[in-house]
Amino acid sequence: MTASHATAAPRGRTGRRRGLAWLRAAAITVVTLIFALPVVWMFAAAFKTNVQVTDPRVGLWFSPTLENFRNIVEDGQILRSMGNSLLVGVVSTVLSAVIAVPAAWAVGRFRMHRTGSLVLVARIVPAISLLVPWYYLFAQIGLVGSYTVLILSQMFVSVPLITWIMISFFAGLPVELEEAGRTDGLSAFGAFWRITLPLAAPGTATASLLAFVFSWNNFMFALVFADDRTQTVPVALFNFISYASTDWGGLMAAATLITVPVVVAAVVGQKHLVAGLTSGASKG
Amino acid sequence: MSTTEVRVTATARDSARPPRGRAPRTVEQANRRLKWAMLTPALAFVGLMIVFPLAFTINLSLTDAFGAVNADKHHVGLRNFVDALSDVRRFWPAVKRTVVFTIGAVALEMVLGLALAMLMRKPFRGMRWVRTILIIPLLTTPVAIGILWLLILDPTNGVANHLLASVGLPRMEFLGSVSQSLPTLMLIDVWQWTPMVTLLLLAGLTTLPEEPEEAALVDGANAWQRFRHVVLPMLGPTIGTALVLRAVDALKTFDILYATKGPGGGSDFEAETLNVYAYGLTFDYQEYGLAAAVLVLFTLFIVGVVVLLRRRSGRKDAA
């Protein structure tokens, strides 16, 4: 009796456990599809003719055409704006990293969290309440429409972001390495420059990649500060809606073109990006 | 005379301090000097780009600035604030929409995000791919997301209505109608940001100690009891952080609202939140004084929400 009970119970439990595992796999698959399919739909639509795009019965099986891409490349505005976004993104990210990484080191290394939380203010204050005075001032000195203003306004997002991610990174590095460098005769700055900074390279790369992506995506600053010559991708895409409201194929091709770099970044840097996003957030 | 004085103090200081380099006291002093040198550029930038503009906004909110940015303006006291707060046509509906959008979207995101995080808690095959797919919505350009959903949710040609029809449900107007626009936008926000909540909570879950749960298991607690009384309280701080982050960002949502519904949030202002309203006042109507007043109120509102949420999640920690 006891013996039969002992043998029966585990078999029942493993059966149930296998059922649960199967249910979990199914649930995860469904949820993942819900998050993936809209983006897949966008990529697919980019290769459809305009008739196919607006026919919901045309699913993911059709003969693809490059017509939409040919049209937007010939038009040129999307490619020009991608160049602008690249320029604004790279310059603002590099400048932000140069001032944010040392600051994050100081906060993380010396546990100055009160000073560090000043940076949090930049996360809370709505960007638009800063945009109004910036616009007011930059318009008076004739800078609106210039790359300078786009880069400066973007740094307002990037500096706090990079600082925040890097604070927790530096806080996790052992102080001993730096101290060893000091006893070997390095100056305080020398120890930071020769020992800590190289160790922080992967973290800095992640933070910078995220800062670049946020710059690539930023719409509001560019909507206000960019002109026809300097407009970045989100603005070019937005203008495309109003000028070519029926050209769904072209719109989806343009949206695909500006999304591909982000997807590549996500696939390549998946692990680091998640770590960066969550460490940047978890100290908030 | 003054040169000697300087020399004297210099030598006095030098002799009071051990020679440069190795001794610990110097290291500490060098560190102290260096840390402020390293912080100054960032603090100066934040000050210049935030504190000064905020002061400017407050000052602007007390004037009748309108039209060109270099036009004459006069101080009018609190008139802009009175005008904003007594405006029941645009201001108060925008406040209401902001609150409804934020509470609705964030509540759904927290519940779904937590459920998903629990589902993905134990490692499984393909975890890497699932996580990669989850970060794509939150890295994708919001304007592109807005346009994508305009296509999917198009009332006549969209695939969403096609799917609804295929399971026998009635057609929806989605973003094409006044009453369905805001709920639809909330669902888009849920699609875009639930992964963020999930990833944050997953990160929190991996740091939890295993012993309390094992103890509860030994005591005979079922799965729901272990979740409700062991995991949930331990995850409290992470949930609080995710909540504050999402609430702040949802209050400030702009890109998708503007990209799908245009200036003013549509013909009947149906998607006009405080952010969209303030943007329109400034850059479409050039009502700088009134806009500044709305922005001061908006900023105070967000700061208030953050203080409230942090205090509440702090209490949860203590409990």
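Here is the naming used below: chain letters follow the sequence lines, and residue numbers restart at 1 for every chain. All heavy atoms count here, side chains included; hydrogens, waters and symmetry mates do not.
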Looking only at heavy atoms and a cut-off of under 4.5 Å, which of [options] has the most pairs with chain B?
{"options": "A:Met42, A:Arg24, A:Arg109", "value": "A:Arg24"}
{"options": "A:Val233, A:Val235, A:Val224", "value": "A:Val224"}
{"options": "A:Ala266, A:Ala106, A:Pro126, A:Pro234", "value": "A:Pro126"}
{"options": "A:Pro102, A:Ala21, A:Ala25", "value": "A:Pro102"}
{"options": "A:Ile34, A:Asp55, A:Thr163", "value": "A:Ile34"}

Specify the closest pair of heavy atoms between [X] and [Y], including all atoms of both residues, with the distance to one decimal.
{"X": "B:Thr57", "Y": "A:Ser129", "result": "OG1-O, 3.1 Å"}
{"X": "B:Phe45", "Y": "A:Ile99", "result": "CB-CD1, 3.8 Å"}
{"X": "B:Ala278", "Y": "A:Ile128", "result": "C-CD1, 3.7 Å"}
{"X": "A:Pro38", "Y": "B:Leu148", "result": "O-CD1, 3.2 Å"}

Under 4.5 Å from a heavy atom of chain B, the part of [X] involved:
{"X": "A:Leu273", "answer": "side chain"}
{"X": "A:Arg57", "answer": "both"}
{"X": "A:Val159", "answer": "side chain"}
{"X": "A:Thr32", "answer": "both"}
{"X": "A:Ser153", "answer": "backbone"}
{"X": "A:Val267", "answer": "both"}
{"X": "A:Met112", "answer": "side chain"}
{"X": "A:Leu210", "answer": "side chain"}
{"X": "A:Phe110", "answer": "side chain"}
{"X": "A:Ala45", "answer": "side chain"}
{"X": "A:Val31", "answer": "side chain"}
{"X": "A:Val98", "answer": "neither"}
{"X": "A:Met252", "answer": "side chain"}

* side-chain contact (heavy atoms from CB on, under 4.5 Å) between B:Thr140 and A:Ile258: does it pass, once the steps are laid out? -> CA-CA 9 Å; B:Thr140 304; A:Ile258 72 169; over 6 Å; no
* When you look at A:Leu223 and B:Phe254, which way does the side-chain contact (heavy atoms from CB on, under 4.5 Å) test go after all the steps? -> CA-CA 12 Å; A:Leu223 195 57; B:Phe254 177 80; 4.2 Å; yes
[atom1]/[X] to [atom2]/[Y] distance, rounded to the nearest 0.5 angstrom?
{"X": "A:Thr54", "Y": "B:Leu151", "atom1": "OG1", "atom2": "CG", "value": "8.5 Å"}
{"X": "A:Thr259", "Y": "B:Ile136", "atom1": "OG1", "atom2": "CD1", "value": "9.5 Å"}
{"X": "A:Phe35", "Y": "B:Ile135", "atom1": "CZ", "atom2": "CD1", "value": "13.5 Å"}
{"X": "B:Ile256", "Y": "A:Phe219", "atom1": "CD1", "atom2": "CZ", "value": "11.0 Å"}
{"X": "A:Lys271", "Y": "B:Thr132", "atom1": "NZ", "atom2": "OG1", "value": "11.5 Å"}
{"X": "B:Leu251", "Y": "A:Ile124", "atom1": "CG", "atom2": "CD1", "value": "11.0 Å"}

* Using a heavy-atom cutoff of under 4.5 Å, enumerate the residues of residues 284-297 of chain B that contact chain A, numbered in order, or state 'none'. =>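 The residues closer than 4.5 Å to chain A, in numerical order, are B:Tyr288, B:Leu295.
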In terms of heavy-atom proximity below 4.5 Å to chain A, should [X] be classed as side chain, backbone, both, or neither?
{"X": "B:Leu116", "result": "side chain"}
{"X": "B:Tyr279", "result": "both"}
{"X": "B:Thr238", "result": "neither"}
{"X": "B:Ile50", "result": "both"}
{"X": "B:Leu134", "result": "side chain"}
{"X": "B:Arg128", "result": "both"}
{"X": "B:Leu150", "result": "both"}
{"X": "B:Asp249", "result": "side chain"}
{"X": "B:Leu60", "result": "side chain"}

Picking from [options], which has the most non-hydrogen pairs under 4.5 angstrom with chain A?
{"options": "B:Val305, B:Asn275, B:Asn59, B:Val46", "value": "B:Asn275"}
{"options": "B:Leu199, B:Leu119, B:Thr299", "value": "B:Leu119"}
{"options": "B:Leu54, B:Val130, B:Leu39", "value": "B:Leu39"}

* Asked: For A:Ile28 and B:Met127, what are the C-alpha separation, side-chain angles and deciding distance, and is it a side-chain contact (heavy atoms from CB on, under 4.5 Å)?
  -> CA-CA 10 Å; A:Ile28 290 174; B:Met127 179 104 165; over 6 Å; no
* **Aromatic contact, B:Tyr258 with A:Phe238 (centres under 6.0 Å)** => yes
* Chi angles and distances behind the side chain to side chain donor-acceptor pair (under 3.5 Å) call for B:Thr141, A:Asn217 -> CA-CA 5 Å; B:Thr141 311; A:Asn217 291 347; 2.7 Å; yes
State, yes or no, whether a side-chain contact exists between [X] and [Y] at a heavy-atom distance under 4.5 Å.
{"X": "B:Phe52", "Y": "A:Leu137", "answer": "yes"}
{"X": "A:Phe240", "Y": "B:Val143", "answer": "no"}
{"X": "B:Phe56", "Y": "A:Val132", "answer": "no"}

* To do: Measure up the B:Phe283 and A:Tyr135 rings against each other and bin them: parallel (under 30°), tilted (30 to 60°), perpendicular (over 60°).
  => perpendicular
* Asked: Quick one: ring-ring contact (aromatic ring centres under 6.0 Å, His included) pairs with a partner in residues 116-143 of chain B, sequence neighbours left out?
  ->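 Residue pairs passing ring-ring contact (aromatic ring centres under 6.0 Å, His included), neighbours aside: none found.
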* Asked: Side chain of A:Trp216, backbone of B:Leu139: donor and acceptor closer than 3.5 Å?
  -> no
* To do: Could you tell me whether the side chain of A:Trp134 and the main chain of B:Met49 form a donor-acceptor pair under 3.5 Å?
  => yes
* **Candidate pair B:Asn31 and A:Arg182, rule side-chain contact (heavy atoms from CB on, under 4.5 Å), full reasoning** => CA-CA 11 Å; B:Asn31 276 345; A:Arg182 298 299 301 278; 3.4 Å; yes
